[in-house]
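Count residues from 1 along the sequence.
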Amino acid sequence: MAELLILWGYIGIVNSCIGAGVLKGIGLLTGRKKIVYGLAGTELAGIVAITVYAQTVSIFGKVFMAAHLILLAAAAACAYWCRKELLVIWSRVKKICLSWEGVLYLIFAVMTAYFASRGLQHTDTGIYHAQAIRWYEEYGLVKGLGNLQQHFAYNSAYLAYAAAFSMKWLVGQSLHGTNGFLQAFLCIWALYGLKNFARHKSHLADGCRVGILLYAIVVSERIMSPATDFGTMYLVFFIVTLWTSIACEKEGKVGEKTDLYALLCVAVVCVTTFKLSAGMLVILALYPAVCLIRSKEWKKIGIYLLCGCVVLAPWLVRNVLISGWLIYPFAAIDLFSVDWKIPASYLQNDSDQIKVWGRCLYDVTKINDPVSAWFPVWWGEKDRYEMMLLIANMVAGISAVLSVVWKRIRKEKLCWDRVVVYAAVLGGIAGWFFLAPFIRYGLAFLLIFPLMAFGEWLRPMQMGPVRIASGFLCAAIFFSLSMYWDYYVLFDLVWGKQHLTDPAWVVQQDYDSVEVESFEMEGGLIVYYPAGGQENISYDAFPATAYRMMAERTKLRGSDIRDGFMPKQRYERCLGWTVGHEGDYN
């Protein structure tokens, strides 16, 4: 626990130094030298830049001590270059830290560290997250790794960020504290924003801030894991909350807002590489694109597009090298013919499994069932508190329609930056529902939308029939969500009490240790897999796969593991396998 608090302080400093350097560089290129980003924007820029750096390094070598020392040197150089900007941020942070308000935030950080230092490992962390991080540490990348286990082909960029701060080379244990850092930082940031609630003219951003706190309650039990779901959802909250706060608090500053929105859209590209299920946030790019085109700022358009390409490029390269596909598991984009390519039949089977598991059908033969066939099954599988969350979103949709109708009646001018963020969130919900509707895959969107509607309603407005109707709808949203937070608050309290005696007060609990067996792959490589038909392979055994049958249909491309893996029969028909877990839609 103490170890995590030190790590989080270090991550925050490195993020801010790298982020300040990146933002200052982009500011100089675009001619915006005096734009103020604040601590939150600087941290977000640092997360994006370090993720891109770790992915790029992994293409050429392992993400270990040398890579981290280079990152540290870059942070030091950025700190010197941006010392004036960082001193402004530090003076604000220092003032808060030395106040009673700072004590409250410290207590909150300690509480988060308590949960992040012990407890349960996320199911998919045992299946592939931990192993993927170790591949970053040991080799960086080997061609065809997705053949050894197809989950590696999901290639979530978040695991690159987690590997950058694993610190095994320093402390002798692979730390997994990045999700905890995101939770602690964003919750403190949300609380800081909510303290001026009464003075805010609009509470749209405040609704998003409450969403961050509610999400933290939901995931605290497993925040110890470097789960890609958590990192993705927290960045979705981060981006949407920043967008709405800019929309509410920088009225009239069109040029500055456009630049900030464009930078957030670069961050959207990054979160899309975390999980493709967050990709509908790209709708946000419509607003700054239209603004910049109208003002004919072609140079800025080129710079922001280049930034997006820089973020996307290493992820795409890794996709091709790991799986042979530009985007896995989507067979529609088939551009490469390489010997390590995962056969299309395996890919299609994997893609179908993700969808049918999300629909609670668990049978790939039902992949083409219409919504009318699978929706009743899916709905029936939901717990009551999950049903209430979904009902809250339906009510929020009605409230949003009423709000638009009322504005049109009163002939109020639409704020298009707010319209676009609503469209992006609704797009995220739609994409989640039709592709892989596991609640955890789209939980950020499902929490943000009703809370945005609630916050929008709280703005000062004269009473009227629509206002009164919206009030009743917001009350319905509140009571629908109350079952959700009530369930998890009670759960976290019980969990916290049960784990008081865990020996993790100083050092973070390590990854799960599991019993393994081994076999010799064709080519002479010894590969480990879980004993007793389990799926948890965790971190220690390496190289390993959670499914022996996947490794059995794979062979080495050469005489050494660095040569990578390839399927034994590239064009053979799918062997037909069933994975007994929820799957993961990257």
Side-chain donor or acceptor of R118 paired with backbone N/O of Y114 under 3.5 Å: yes
Side-chain (H122) to main-chain (P226) donor-acceptor, under 3.5 angstrom: no
Contact check, side chains of F445 and W432, non-hydrogen atoms, under 4.5 Å: no
Heavy-atom check, side chain of V219 versus side chain of Y234, under 4.5 Å: yes
Heavy-atom closest contact (A160 atom, T51 atom, distance): CB-O, 4.2 Å
Inter-residue atom distance S156.OG - R318.CZ, 0.5 Å rounding: 10.0 Å
4.5 Å side-chain heavy-atom contact, F185 and F238: yes
Residue Y105 excluded, over 12 heavy atoms near OH under 6.0 Å: yes
Heavy atoms of other groups near W505 CH2, more than 12 under 6.0 Å: yes
Working for side chain to side chain contact (heavy atoms under 4.5 Å, CB included), residues T241 and W189: CA-CA 10 Å; T241 306; W189 177 59; 3.6 Å; yes
F165 and Y161 aromatic centres sub-6.0 Å: yes
Closest heavy-atom pair and its distance - A162, I133: CB-CD1, 3.9 Å
Residue that, paired with F274, satisfies side-chain contact (heavy atoms from CB on, under 4.5 Å) out of L159, L235, T228: L235
Donor-acceptor side-chain pairing of S220 and Y488 below 3.5 angstrom: no
Residues L389, L447; criterion side chain to side chain contact (heavy atoms under 4.5 Å, CB included); working and verdict: CA-CA 8 Å; L389 172 65; L447 290 174; 3.8 Å; yes
S166 and S174: side chain donor to acceptor below 3.5 Å: yes
Exam field: side chain W315 to backbone C270, donor-acceptor pair closer than 3.5 Å: no
CD1 on I212 to CD1 on I448, rounded to 0.5 Å: 7.5 Å
Residue pair F115, D492: steps toward the side chain to side chain contact (heavy atoms under 4.5 Å, CB included) verdict: CA-CA 9 Å; F115 282 93; D492 288 344; 4.2 Å; yes
S58 versus V63, closest heavy-atom pair with distance: CB-CG2, 4.0 Å
Any donor-acceptor N/O pair, H176 side chain to M224 backbone, under 3.5 Å: yes
Worked check of side chain to side chain contact (heavy atoms under 4.5 Å, CB included) between F181 and L7: CA-CA 9 Å; F181 166 77; L7 175 67; over 6 Å; no
Residue pair L281 / A424: nearest heavy atoms and the distance that separates them: CD2-CB, 4.1 Å
T244: which of I239, V421, D206 passes side-chain contact (heavy atoms from CB on, under 4.5 Å): V421
Student check: side-chain heavy atoms of V22 and V48 closer than 4.5 Å: no
T112 side-chain N/O to F108 backbone N/O, donor-acceptor pair under 3.5 Å: yes
E137 and Y539: side chain donor to acceptor below 3.5 Å: yes
Flag side-chain contact, heavy atom, 4.5 Å: T272 against V269: no
Distance-only polar pair, side chains of Y511 and Q121, donor-acceptor under 3.5 Å: no
Exceeds 12 heavy-atom contacts within 6.0 angstrom, atom NZ of K195: yes
Aromatic ring pairing Y261/Y287, orientation class (parallel under 30°, perpendicular over 60°, tilted between): perpendicular
Side-chain donor or acceptor of W81 paired with backbone N/O of G21 under 3.5 Å: no
Q509 side chain vs G119 backbone, donor-acceptor pair below 3.5 Å: yes
Expected output: side-chain Y158 to main-chain N179 donor-acceptor under 3.5 Å: yes
Shortest non-hydrogen separation from M280 to G428 and the atoms involved: CB-N, 3.6 Å
Close side-chain approach of F454 to V210, heavy-atom, < 4.5 Å: no
Euclidean distance, L86 CG relative to K24 NZ, rounded to 0.5 Å: 9.0 Å
Smallest separation among heavy atoms of S202 and R418, with atom names: OG-NH1, 3.5 Å
Gap separating the CG atom of L451 from the CG atom of L204, nearest 0.5 angstrom: 10.5 Å
K168 vs F64 side-chain heavy atoms within contact, under 4.5 Å: yes
Whether F237 and Y215 hold their rings parallel, tilted or perpendicular, with breakpoints at 30° and 60°: tilted
Nearest-0.5 Å distance that lies between atom NZ in K300 and atom OG1 in T30: 5.5 Å
Interatomic spacing from CH2 in W8 to OG1 in T178 - rounded to 0.5 Å: 10.5 Å
Side chains of L390 and I439 in contact at under 4.5 Å (non-hydrogen atoms): yes
N393 side chain to L446 backbone, donor-acceptor under 3.5 Å: yes
Short side-chain to backbone donor-acceptor contact, S538 and G126, under 3.5 Å: no
